[in-house]
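To keep things clear, I will list the structure first and then write my remarks on it.
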Amino acid sequence: MPDKKIFIFDTTLRDGEQVPGCKLNTKEKVELALQLEELGVDIIEAGFPISSPGDFSSVEEISKIIRNATVCGLSRAVKKDIEVAGQALKYAKRPRIHTGIGTSDLHIKSKFNATREEILQRAVQAVGWARQFTDDVEFYAEDAGRTDNDYLAKVIEAVIAAGATTVNIPDTTGYCLPHQYGEKIAYLISHVPNIDKAVISCHCHNDLGLATANSIAGIISGARQIECTINGLGERAGNTSLEEVAMVIKQHKKDLGFYTSIKSQMLNPISRIVSETMRMPVQPNKAIVGSNAFSHSSGIHQDGFLKDALTYEIINPEEVGADGSKIVLTARSGRSALAHRLAKLGYEYTRNDIDVLYQRFLAVADTKKEVMEEDLHQLAKQYQPESATA
Ligand code: KIV
Ligand code: ZN
């Protein structure tokens, strides 16, 4: 069976930009949209046009410039929202309106003071309005993660009948366990008679650190689109990380049988651009794009890595555009790492020299978090055996 394509729906410019402090202006959004298109994302969620004149103009400008990816605008299930989204997208070559409403009983009662039947009607009506602007309409059932499956299936069937071409099943609060989220998708596939008329999308939040696992569980169960952001940015604990899902799919190509259009070599460069533009640092231990993602610091790991990189690295850093593997020297490092780093600086020593130098190195290492290049030069300067060649 040929591998199946997973569509990557990037929402860095919408859900990602909702993060306090991450606000972007139109110029910044347009520049990032061009990078995202170059990266190979299939859909760019450019913003929420009714939310502010600035966001309207960002969606409009992105629509003018993006030619390969679909450009999407978010709206609530409100006529005015949808009309404004339609206007903001009027220059898009491939416009998509993303509309929806909360479907969990909690949202229905607490947010809308409505009934399940009323919400279902509003959902259908919203899709109908959106279809007046474009044939590409995505419906989101907000808080689907906590929505009763039977009711969710009825809503999804109705919105597909009304013309939704993608159905988004958000785990808005990041509540689901991977097997529960996977079962929800499987339930929809087996209980929604017209489900073959739409693409199922996963939109998972990371409140319990399960966003990537849940999205992968979703595609294993039959979803074909993942909504994600660069660096996992997004409301609260964030969204599914684009770089993580792209690399899970790539690394497990044989097990999963999926592929994406993402150019993996761009993952680190784009992560840095997004981090700088949004002024939001990336945690050092972040998978794929963190500064420590390819750093080795304990003696056991360093020794194994220097013998064969595959012992401690499942991804070649070049494949994701990272600077390369790093041997970081700390008080937990071993002799082979010290010899390796000294050799990289041009200092070649015998085993005996390294034994002596290692004790001196440990004395320095115990006083600081990391032994740096200048410390190594200092060590080498203070130790001048016959065997030193540099
Ligand atoms: O998390 C969520 O439910 C959302 C929707 C607006 C798609 O971001
Ligand atoms: Zn979200």
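Everything quoted here is computed from the prediction, not taken from an experiment.
- Side-chain contact of Asp15 with His203: a donor-acceptor pair under 3.5 Å is present, judged by distance alone.
- Residues Lys250 and Glu319 meet the side-chain proximity criterion, which asks for heavy atoms closer than 4.5 Å.
- Checked by atom type, the side-chain pair Lys184/Ser221 shows no donor-acceptor distance below 3.5 Å.
- Between the side chains of Glu28 and Thr277, no donor-acceptor pair of N or O atoms lies under 3.5 Å.
- Cluster annotation: Ile62 is connected to Ile230 through the hydrophobic network of ILVMFWY side chains, with a link wherever side-chain heavy atoms come within less than 4.5 Å.
- Counting heavy-atom neighbours within 6.0 Å of Arg332 CZ, excluding the residue itself, gives a total of 12 or less.
- Residue Trp129 is not grouped with residue Ile50 when hydrophobic side chains (ILVMFWY) are merged at heavy-atom distances under 4.5 angstrom, including chains of intermediate members.
- Contact check for Ile169 versus Leu152: side-chain heavy atoms found under the 4.5 Å cut-off.
- Side chain of Asp42 to main chain of Ile8: a donor-acceptor pair is present (N/O by atom type, distance under 3.5 Å, no hydrogens or angles).
- When atom types are taken as modelled, the side chain of His205 and the backbone of Gly238 share a donor-acceptor pair closer than 3.5 angstrom.
- Around atom CZ of Arg67, more than 12 heavy atoms belonging to other residues, nucleotides or ligands sit under 6.0 Å away.
- Looking only at distances, a side-chain donor or acceptor of Asp55 sits under 3.5 Å from a matching main-chain atom of Phe48.
- In terms of heavy atoms, Phe294 sits closest to Gly324 at CB-O, 4.0 Å.
- Within 6.0 Å of the NZ atom in Lys344, the count of heavy atoms belonging to other residues, nucleotides or ligands does not exceed 12.
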Can you give me every donor-acceptor pair (side chain of residues 155-166, partner residue at least two apart or in another chain, under 3.5 Å) with its distance?
unit_1: Thr165; atom_1: OG1; unit_2: Val137; atom_2: N; d: 3.1
unit_1: Thr165; atom_1: OG1; unit_2: Val137; atom_2: O; d: 3.1

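- Contact check for Lys368 versus Asp375: side-chain heavy atoms found under the 4.5 Å cut-off.
- Phe139 and Leu74 are members of different hydrophobic clusters when ILVMFWY side chains are connected at heavy-atom separations under 4.5 Å.
- For Ser264 (side chain) and Met247 (main-chain N/O), no donor-acceptor pair under 3.5 Å exists by modelled atom type.
- The NZ atom of Lys286 sits 12.0 Å away from atom OG of Ser291, with the distance rounded to the nearest 0.5 Å.
- Using a cutoff of 4.0 Å between basic side-chain nitrogens and carboxylate oxygens, Arg236 and Asp207 are scored as salt-bridged.
- Ring geometry, Tyr358 versus Phe361: the interplanar angle falls under 30°, so the pair is classed parallel (tilted spans 30 to 60°).
- Ion pair Lys154/Asp150 flagged as a salt bridge, since at least one NZ, NE, NH1 or NH2 atom sits closer than 4.0 Å to an Asp/Glu carboxylate oxygen.
- Nearest heavy-atom pair, Asp81 versus Ser75, reported as atom, atom and distance to 0.1 Å: CB-CB, 3.6 Å.
- When all heavy atoms of Ser325 and Glu313 are compared, the closest pair comes out as OG-OE2, 2.8 Å.
- A distance of 11.0 Å separates CD of Glu183 from OG of Ser190, quoted to the nearest 0.5 Å.
- A salt bridge does not link Glu276 to Arg272: none of the charged nitrogens lies less than 4.0 Å from a carboxylate oxygen.
- Val71 is not listed as a side-chain neighbour of Tyr91, based on a closest heavy-atom distance of 4.5 Å or more.
- Checking Ser271 against Asn231 by side-chain atom types alone, a donor-acceptor pair falls below 3.5 Å.
- More than 12 heavy atoms of other residues, nucleotides or ligands sit less than 6.0 Å from atom CD of Gln283.
- Although no hydrogens or angles enter the test, the distance criterion places a donor-acceptor pair under 3.5 Å between the side chain of Thr240 and the main chain of Cys204.
- Side-chain N/O atoms of Thr12 and Asp10 include a donor and acceptor closer than 3.5 Å.
- Under a 3.5 Å cut-off, the side chain of Thr147 and the backbone N or O of Ser104 do form a donor-acceptor pair.
- Inspection of the Thr11 and Thr229 side chains reveals no N or O donor paired with an N or O acceptor under 3.5 Å.
- Note: His301 and Phe305 fail the aromatic proximity criterion, with ring centroids not under 6.0 Å apart.
- Counting heavy atoms of neighbouring residues, nucleotides and ligands inside a 6.0 Å radius, atom NZ of Lys109 does not exceed 12 of them.
- In this structure Glu83 satisfies the side-chain contact (heavy atoms from CB on, under 4.5 Å) test together with Lys79, Lys80, Phe133, sequence neighbours excluded.
- Pairing each heavy atom of Thr26 with each of Ser58, the nearest pair is OG1-OG, 3.1 Å.
- When all heavy atoms of Leu329 and Leu338 are compared, the pair lying nearest together is CD2-N, 4.0 Å.
- Looking only at distances, no side-chain donor or acceptor of Arg224 sits under 3.5 Å from a matching main-chain atom of Ser201.
- Judged by distance alone, the side chain of His252 and the main-chain N or O of Val248 form no donor-acceptor pair under 3.5 Å.
- The residues Arg96 and Glu45 are annotated as not salt-bridged, no charged nitrogen and carboxylate oxygen being separated by less than 4.0 angstrom.
- To the nearest 0.5 Å, atom OG1 of residue Thr260 and atom CD1 of residue Ile249 are 6.0 Å apart.
- Considering only heavy atoms from C-beta on, Leu89 stays 4.5 Å or farther from Thr134 through its side chain.
- For the side-chain contact (heavy atoms from CB on, under 4.5 Å) test, residues two or more places apart in sequence or in another chain that qualify with Gln359 are Arg335, Leu362.
- Hydrophobic clustering (side-chain heavy atoms under 4.5 Å, transitive across Ile, Leu, Val, Met, Phe, Trp, Tyr) keeps Phe258 apart from Phe7.
- When the shell of 6.0 Å around CD of Glu370 is examined, it contains more than 12 heavy atoms from other residues, nucleotides or ligands.
- Side-chain atoms of Asn206 come within 3.5 Å of backbone N or O of Leu210 as a donor-acceptor pair.
- One N or O on the side chain of Glu37 and one on the backbone of Asn68 form a donor-acceptor pair closer than 3.5 Å.
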*Run the salt bridge (charged side-chain N to carboxylate O under 4.0 Å, His left out) check on Arg122 and Glu118 step by step: do they pass?*
CA-CA 6 Å; Arg122 283 168 71 170; Glu118 282 162 355; over 6 Å; no

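- The cluster map of Ile, Leu, Val, Met, Phe, Trp and Tyr, joined by side-chain heavy atoms under 4.5 Å apart, puts Val78 and Tyr140 in different clusters.
- Taking all atoms of both residues into account, the shortest heavy-atom contact from Ile185 to Gly218 is CG2-O, 3.8 Å.
- Other residues, nucleotides and ligands place more than 12 heavy atoms under 6.0 Å from the CG atom of Asp308.
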*salt bridge (charged side-chain N to carboxylate O under 4.0 Å, His left out) evaluation trace for Lys263 with Glu38*: CA-CA 8 Å; Lys263 290 181 196 143; Glu38 178 63 25; 3.3 Å; yes

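- Residues Cys228 and Asn239 fail the side-chain proximity criterion, which asks for heavy atoms closer than 4.5 Å.
- Rounding to the nearest 0.5 Å places SG of Cys22 at 3.5 Å from CE of Met280.
- For the pair Asp105 and Arg116, the salt-bridge criterion is met [side-chain N within less than 4.0 Å of a carboxylate O].
- Close placement of the Tyr347 and His377 rings is indicated, their centers lying within 6.0 Å of each other.
- Atom CD1 of Ile300 and atom OH of Tyr312 lie 6.5 Å apart (nearest 0.5 Å).
- In this structure, Ile43 and Glu138 have side chains that are not in contact, with every pair of non-hydrogen atoms separated by 4.5 Å or more.
- We find the SG-CG distance between Cys176 and Asp171 to be 4.0 Å, quoted to the nearest 0.5 Å.
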